[in-house]
Each structure stands twice: as C-alpha cells, then as structure tokens.
Amino acid sequence: MFSNRFHRVFLTAAVLIGMAGGAVAATDDVVDENVKTITPRTVGISLLRPDDGSGEAILRLMAPSAISGCPVIGPLKTEMNVNSIYLDITVDGYTIDQNNLETHRGACATARQYAYADIPLDRALLHGNNVAEIRFTVNNEMDYYTVNLNEERLELLPRRQMRVKPATGADSATGGLTFWYYPKGTVILSVPAAPAGSDTTNPLDQFASQHGLKRLDSVMHGFSAIAGKAGQAYYIDGTGALGAVAGKDPVSVGTTVIDGRTMDVYSRQPGMNE
C-alpha cells in the first residue's frame, strides 16, 4: 500500500474570510487555547504545472477560507493511499495559530494565507498502480473523480462532487480538469498590443512558420487552450530558436503586422495554470 502523509504540503502568505457561511467546521482537536484545528467542509482542486521541469501534474487541494494579519494558518493535512484501482485522499484539516501575536497595529503581514496541500500525480504513480479513480474524503463524505490518462493528457472527471470541486480551469462541458503533457519546446506566442477583436491567429501562424515552429494542436489532437486567453496561441519550437530565450515571463522575439500596424510578438513558456 502506498502511503504519503502530508505529501509536499505548502502554504502561501493570510483576516479571517469566509469562515461564516458553512465553509469550514471547527473541531474539538485543540492543541492549546490559541491553536484551533479547522476541518473544511469543502475543498477546491486544481492541476498545476511545477517549475521543476518534470512535466508532471501537481494536484492542489485548497481550503476555501483565507486569513491575513497576525494569526498563522497551517498547511492542509492529507493522507494518501493506493487501494487497488483507487487513489484515496483524505483531508484531515489545518490549524490557525494565534500564539505570539504582535499587539502593535500594522506589525503583521497583510497578505492572505491559504491552507493547501500539493500532491504529485506523476504518471509512474497513476499508470504503475492502474489508478482509475480518485476518491476524496472531506468531512466524512466521499467524492469520486474518474482518471483518464494517456500520452497527451491527464483528465479528472467528476462522478460525485459534493465536497470537492475544481477551483479553476474546469472544462465547461465535463466539469473536470485537464492537464496536458506538452512536448519539449512548447511555447506560447502572443501580441499584447493587438486591439480587441483583431485576428491574431493568422499573423502568429505566419510568424511561427517563418521561425520553424509548429502549431501544438497539429501534434496534440484535441488540444484546446485555456479559455479567456485571447490573442495567444501554443506552438512547438522544435529547433530551439525561441525556446532559448523564452522563460516564464514574456520576452519580445520579433514583430508581426496586424491591421496595418507593426507590433511586437512575445514568447514564453506555459505557466503553472496553463
């Protein structure tokens, strides 16, 4: 049995928001009078792309509430086990620590903190164990997501989602999440200065062809870019002509003409949520 407790858990920087309205439930498990354990009633999930170059998916589970100021929010504690064709993930909860609070106004950080856990869903784990379904247990209720895995993508499709729902990037048709295994050299070209409604597809295709790039959807059939990202397109830089300068931040790699005006073309690598 594969077991991973508190697997690669992280937290960001957090005024208690949304604690009312049934988002979380306090438990009786109190470390001391200033440390309270919270069991979330719901959890948001997303599939993220790490910066380690592995190309594997990260499953992020995040509690719905945030805090900022002096209290310190702990990581979202989880347990993970592989049972037959099931990957079982149980959400235990997180802590809010109000010890050692600064009493001087303005002395504490104001950035929001969230409780979350990051679980690597690498292909070796899923394929090697023939995982067909992820079973999430949150607040003693179980939700189910079917796992579809092939060479191009990983899909998590909900069968029951009362407690666990996609936080971002859900497919409008299936309600599920998709992670694409991009080929080496995948870049995103864009023309930020293009007026809204302008045709950027043909100019970007021409620019890409001139530099030896191929459209990603010509290789990964069925690929669709994230909704709401107008004015950009995905390509494969097989020769490395643009990839050598393209990082996570956009860089100008040339120009194209749109509506009679010369505009800069920018290139970057896919980001964490792309």
Side-chain angles (χ1 to χ4, degrees), residues 1-12 40 42-64 75-94 114-138 141-171 173-184 186 216 220 222-226 234 248 269-274:
M1 176 181 295
F2 178 87
S3 177
N4 188 347
R5 182 157 180 93
F6 314 152
H7 199 34
R8 287 183 65 176
V9 178
F10 299 82
L11 59 132
T12 61
T42 61
V43 170
I45 60 171
S46 53
L47 291 175
L48 305 181
R49 192 174 308 279
D51 290 330
D52 58 10
S54 66
E56 301 293 343
I58 294 290
L59 175 64
R60 173 164 291 182
L61 293 83
M62 182 177 289
L76 185 63
K77 298 179 180 180
T78 62
E79 294 180 1
M80 184 174 75
N81 296 283
V82 174
N83 296 308
S84 182
I85 62 171
Y86 302 105
L87 176 61
D88 289 330
I89 298 176
T90 301
V91 175
D92 291 335
Y94 60 95
Y114 293 89
Y116 68 93
D118 283 350
I119 299 176
L121 289 185
D122 57 273
R123 282 167 281 188
L125 167 66
L126 298 175
H127 182 71
N129 291 282
N130 297 313
V131 173
E133 191 167 80
I134 299 179
R135 302 187 299 194
F136 297 94
T137 300
V138 179
E141 288 197 35
M142 185 175 286
D143 282 358
Y144 311 88
Y145 279 71
T146 299
V147 175
N148 287 340
L149 177 66
N150 59 38
E151 292 183 356
E152 291 188 349
R153 61 181 179 257
L154 164 65
E155 292 180 306
L156 301 184
L157 306 176
R159 279 206 309 116
R160 183 184 190 275
Q161 50 174 186
M162 301 300 293
R163 299 290 185 180
V164 178
K165 298 182 179 182
T168 58
D171 184 272
T174 66
L177 296 170
T178 301
F179 181 91
W180 293 91
Y181 297 113
Y182 295 136
K184 183 179 180 180
T186 298
L216 181 60
M220 302 183 74
F223 171 77
S224 59
I226 297 174
Y234 289 65
K248 297 298 182 182
Q269 298 173 4
M272 181 174 65
N273 294 296
E274 296 175 305

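Keep in mind it's a predicted model, so treat the numbers as computed, not measured.
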Q) Where do Met80 and Ile119 land on the side chain to side chain contact (heavy atoms under 4.5 Å, CB included) test, with the steps shown first? A) CA-CA 9 Å; Met80 184 174 75; Ile119 299 176; 3.3 Å; yes

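- Figure legend: cation-pi geometry between Arg153 and Tyr181 absent, as NZ or CZ is not positioned both under 6.0 Å from the six-membered ring centre and within 45° of its axis.
- Atom-to-atom distance recorded for Met272:CE and Arg60:CZ is 5.5 Å, nearest 0.5 angstrom.
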Q: Decide side chain to side chain contact (heavy atoms under 4.5 Å, CB included) for Thr137 and Ile89; before the verdict, give the C-alpha distance in whole Å, the side-chain angles of both, and the deciding distance to 0.1 Å.
A: CA-CA 6 Å; Thr137 300; Ile89 298 176; over 6 Å; no

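- Nearest heavy-atom pair, Ala57 versus Leu47, reported as atom, atom and distance to 0.1 Å: CB-CD2, 4.5 Å.
- When all heavy atoms of Leu177 and Pro166 are compared, the closest pair comes out as CD2-CB, 3.7 Å.
- The residues Glu56 and Arg123 are annotated as salt-bridged, a charged nitrogen and a carboxylate oxygen being separated by less than 4.0 angstrom.
- Nearest heavy-atom pair across Ala63 and Tyr94 is CB-CE2, 3.6 Å.
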Q: Report the C-alpha distance between Tyr145 and Gln161 in whole Å, list the side-chain angles of each, state the deciding distance to 0.1 Å, and finish with yes or no for side chain to side chain contact (heavy atoms under 4.5 Å, CB included).
A: CA-CA 8 Å; Tyr145 279 71; Gln161 50 174 186; 2.9 Å; yes

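- The nearest pair of heavy atoms linking Val91 to Leu61 is CG2-CD2, 3.8 Å.
- The distance from atom CZ of Phe136 to atom CE of Met142, rounded to the nearest 0.5 Å, is 11.0 Å.
- The closest side-chain heavy-atom distance from Leu59 to Ile45 is below 4.5 Å.
- Other residues, nucleotides and ligands place no more than 12 heavy atoms under 6.0 Å from the CE atom of Met162.
- Side chain of Asn129 to main chain of Val131: no donor-acceptor pair is present (N/O by atom type, distance under 3.5 Å, no hydrogens or angles).
- Between Thr90 and Thr78, the closest side-chain pair of non-hydrogen atoms is not below 4.5 Å.
- For Asp143 (side chain) and Val164 (main-chain N/O), a donor-acceptor pair under 3.5 Å exists by modelled atom type.
- Side-chain contact between Glu133 and Leu87 is absent, with no heavy-atom pair separated by less than 4.5 Å.
- Glu274 places a side-chain N or O within donor-acceptor distance of the main-chain N or O of Gly271, the cut-off being under 3.5 Å.
- Between Pro64 and Pro40, the shortest heavy-atom distance links the atoms CD-CB, 4.2 Å.
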Q: Mind running side chain to side chain contact (heavy atoms under 4.5 Å, CB included) on Leu156 and Val147 for me, showing each step along the way?
A: CA-CA 5 Å; Leu156 301 184; Val147 175; 3.9 Å; yes

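- Looking at Leu149 and His127, their side chains come closer than 4.5 Å, going by heavy atoms from C-beta outward.
- Formation of a donor-acceptor pair under 3.5 Å by the Asp122 side chain with backbone atoms of Leu125 is found in this model.
- The backbone N or O of Ile85 sits nowhere less than 3.5 Å from a side-chain atom of Asn130 that would complete a donor-acceptor pair.
- With hydrogens and angles left out, the side-chain atoms of Asp88 and Asn83 include a donor and acceptor closer than 3.5 Å.
- Side chains of Gln269 and Tyr182: no donor on one and acceptor on the other come within 3.5 Å.
- Cation-pi geometry between Arg160 and Tyr144 is not satisfied (NZ or CZ under 6.0 Å from the ring centre, within 45° of the ring normal).
- Minimum interatomic distance between Gly55 and Phe179 (heavy atoms only, all atoms of both residues): O-CE2, 3.4 Å.
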